[in-house]
Amino acid sequence: MLDIQQLRSNLDAVAEALAKRGKPIDFTEFKALEAERKTLQSRTQELQAQRNSLSKQIGMLKGQGKDASEVMAQVGALSDELKTSEGRLGELLEQFNAILAALPNIPDESVPVGSDETGNVEIKRWGTPRTFDFPVKDHTDVGEQLGQLDFTTAAKIAGSRFSLLKGGLARLHRALAQFMLDTHTADHGYTELYAPYLVNAASLYGTGQLPKFEEDLFKVLRGDQGPLYLIPTAEVPVTNIVRDEILAAEVLPLKFVCHTPCFRSEAGSGGRDVRGMIRQHQFDKVELVQVVHPEQSAEAHEALTRHAEVILEKLELPYRRMALCSGDMGFSAAKTYDLEVWLPAQNTYREISSCSNFGAFQARRMQARFRNDKSKPELCHTLNGSGLAVGRTLVAILENYQQADGSVTIPAVLRPYMGGLDVLSAS
RNA sequence: GGAGAGGUGGCAGAGUGGUCGAAUGUACCUGACUCGAAAUCAGGCGUACUGCAAGGUACCGUGGGUUCGAAUCCCACCCUCUCCGCCA
């Protein structure tokens, strides 16, 4: 959520900054509402003040046993205007909230301007893609030929866009998550969390998935109670820890790491990445979340992105870091780096991590604050990033570590997690 | 799932229709006393919007309603706790 003060005082600048995202936003409704709001609000408050003071008089008169009917008549004269005035003001404020809730974040000044992913800028490259002296298979073929990856049975059990892992591959999946968690807790200073996989609407509103992106979520209806949603990322439960909190400045920065399954309906992705594990309804992810002092968020963003990169480097997977352009960033982000891992079968880099600085955008929605130097509540900044997407990391390993005989070498750092096993072979 | 109790300021806790945005305690901040600290004493101490300011407005789980007036009464929802049942 953007600062409504900023919209009121500097609408043109906001509109210009938001236009960088590609779709110019029409603010004529906002302007009309704002013009009406100002006078209506002060008039309403004036009427309320009159009512309150007259009502106090009634109380005093009655307390003294005197007749209050004259004063009561005065209040009665106010009540009609007050009622319509309050009602209209309520409507206006609701419309403001709806407009505000649907506005995306303003891109940071350092974000390259562009309309889509072709405008993204490569920041760095790490590692050299391996050369193969045999025909490279994609991860689906590698996994299926190992007899450890089974989409047919997954489809029977659940449907398309699910996978079933077996034996060594299932263990490798578990090993990856363990390895990532251990690295982030032991080397990068994160506190491990275990969090709910189902969350309420308020939490999704806080991180920006609602109200605009409900169709991307799996929704669980519960009779007459409010619905719950399957989390699309651990970002939601973890960031919402600080919702409606005023933190002591000393507790910042908060650094959390959380491994969860993620559930996405992938509505509208039809046809894309239908083969394999790239785009699933359910996938595991190790998520990094930070809540920081506003002055520290840019620095924290760089550090957090490095924390994700370290995982790829330890796994010896070639990757590149992209700065997303204004038109390709997510709704809530002020700035995003994507990490893309090399997939030899696709002969390209594919997204495996997305690390974003949200500035105060999420914090304002969540009312997540801390007490600043002057002991005044001030909005925190929030950040998160995948460290990493487990399923896609598994894909990268299957493809990059495949051997001519169909086996898959296990990256050295994972072997302690695999009971010393150093290769996956057909079972 | 059944029965009951309850949600008030950082925490504890009073307040059941009228100077209540809210007693009191505690924590915290400032000052006095002290060589310093403790203790004691005095003052301050919720959030947001609005106004140059004085001030005004809203908020006592959330949303409605009754009333001239609601923390207080009514309705719905959310959440917590206790007991019983069931259960990984």
Side-chain angles (χ1 to χ4, degrees), chain A residues 1-9 30 33-101 194-206 210-211 219-229 237 240-252 254 261 360 363-380:
Chain A
M1 179 136 72
L2 299 177
D3 184 0
I4 190 151
Q5 305 292 1
Q6 206 182 346
L7 285 166
R8 283 176 186 156
S9 63
F30 180 88
L33 290 174
E34 175 60 13
E36 189 183 351
R37 189 212 111 245
K38 239 181 171 172
T39 49
L40 186 62
Q41 185 161 19
S42 52
R43 178 63 185 154
T44 305
Q45 295 191 351
E46 195 181 305
L47 290 168
Q48 286 170 327
Q50 287 177 29
R51 178 203 60 200
N52 288 348
S53 86
L54 289 173
S55 290
K56 267 182 188 171
Q57 283 182 38
I58 294 170
M60 286 195 299
L61 289 172
K62 289 203 169 175
Q64 293 161 9
K66 295 179 184 165
D67 175 38
S69 54
E70 192 180 321
V71 186
M72 285 175 78
Q74 287 178 47
V75 183
L78 292 178
S79 73
D80 272 358
E81 187 186 352
L82 182 58
K83 210 165 258 178
T84 54
S85 187
E86 278 179 332
R88 177 63 187 149
L89 186 62
E91 280 172 30
L92 277 181
L93 294 178
E94 221 166 273
Q95 288 173 51
F96 268 113
N97 283 336
I99 290 174
L100 226 48
Y194 171 80
Y197 299 162
L198 289 158
V199 294
N200 56 34
S203 292
L204 287 155
Y205 179 85
L210 288 180
K219 187 176 187 176
V220 180
L221 299 172
R222 305 186 287 173
D224 49 3
Q225 287 184 293
L228 290 175
Y229 298 82
N240 274 280
I241 289 171
V242 295
R243 172 153 53 89
D244 293 322
E245 297 289 336
I246 300 177
L247 305 166
E250 304 87 74
V251 308
L252 300 180
L254 293 172
R364 189 172 291 109
R365 288 175 160 244
M366 291 189 298
Q367 285 301 293
R369 294 169 292 176
F370 71 101
R371 266 186 211 286
N372 65 18
D373 300 344
K374 292 168 195 143
S375 190
K376 281 281 159 200
E378 183 177 337
L379 294 169
C380 303

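Lettering follows sequence order; numbering is per chain, from 1.
For A/Y205, the side-chain hydrogen bond (donor to acceptor under 3.5 Å, both in side chains) criterion is met by no residue, not counting sequence neighbours. Applying the salt bridge (Lys or Arg N to Asp or Glu O under 4.0 Å) rule to A/R88 yields the partners A/E36, A/E91; only residues at least two apart in sequence or on another chain are considered. A/Q48 is linked by a side-chain contact (heavy atoms from CB on, under 4.5 Å) to A/T44, A/Q45, A/R51, A/L82, A/E86, counting only residues two or more places apart in sequence or in another chain. In this view, A/K62 satisfies the side-chain hydrogen bond (donor to acceptor under 3.5 Å, both in side chains) rule with no residue, not counting sequence neighbours. Considering only residues two or more places apart in sequence or on other chains, A/F30 meets the ring pair (Phe, Tyr, Trp, His ring centres under 6.0 Å) condition with A/F96. With sequence neighbours excluded, the residues satisfying side-chain contact (heavy atoms from CB on, under 4.5 Å) with A/Q367 are A/D244, A/R364, A/R369, A/L379. Residues passing the side-chain hydrogen bond (donor to acceptor under 3.5 Å, both in side chains) test with A/T39, sequence neighbours excluded: none.
Remark: the backbone N or O of A/K38 is paired with a side-chain donor or acceptor of A/S42 at under 3.5 angstrom. Distance alone, capped at 3.5 Å, is enough to place a donor-acceptor pair between the A/R365 side chain and the A/A101 backbone.
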Treating primed atoms plus P, OP1 and OP2 as sugar-phosphate and everything else as base, which nucleotides of nucleotides 9-17 of chain B get B, S or - for protein heavy atoms under 4.0 Å?
---------
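Side chains of A/N52 and A/S55: no donor on one and acceptor on the other come within 3.5 Å.
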What nitrogen or oxygen pairs link the protein and nucleotides 49-51 of chain B at under 3.5 Å?
{"residue": "B/U50", "atom": "OP1", "partner": "A/R8", "partner atom": "NH1", "Å": "3.4"}
{"residue": "B/U50", "atom": "OP2", "partner": "A/Q5", "partner atom": "NE2", "Å": "3.3"}

Pairs under 3.5 angstrom, nitrogen or oxygen only, protein versus nucleotides 19-21 of chain B, please.
none

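For the segment residues 86-101 of chain A, no residue has any heavy atom less than 4.0 angstrom from an atom of RNA chain B. Applying a 4.0 Å cut-off to non-hydrogen atoms, the residues of residues 47-55 of chain A that approach RNA chain B are A/Q48, A/A49, A/R51, A/N52, A/S55, listed by residue number.
When the C1' atom is used for both B/G31 and B/G21, the distance is 27 Å, rounded to whole Å.
Distance, A/K83 NZ to B/C68 C1': 11 Å, rounded to whole Å. Remark: C1' of B/G61 and CD of A/E245 are 14 Å apart, rounded to the nearest angstrom. In this structure, A/D244 atom CG and B/C59 atom P are separated by 18 Å, rounded to whole Å.
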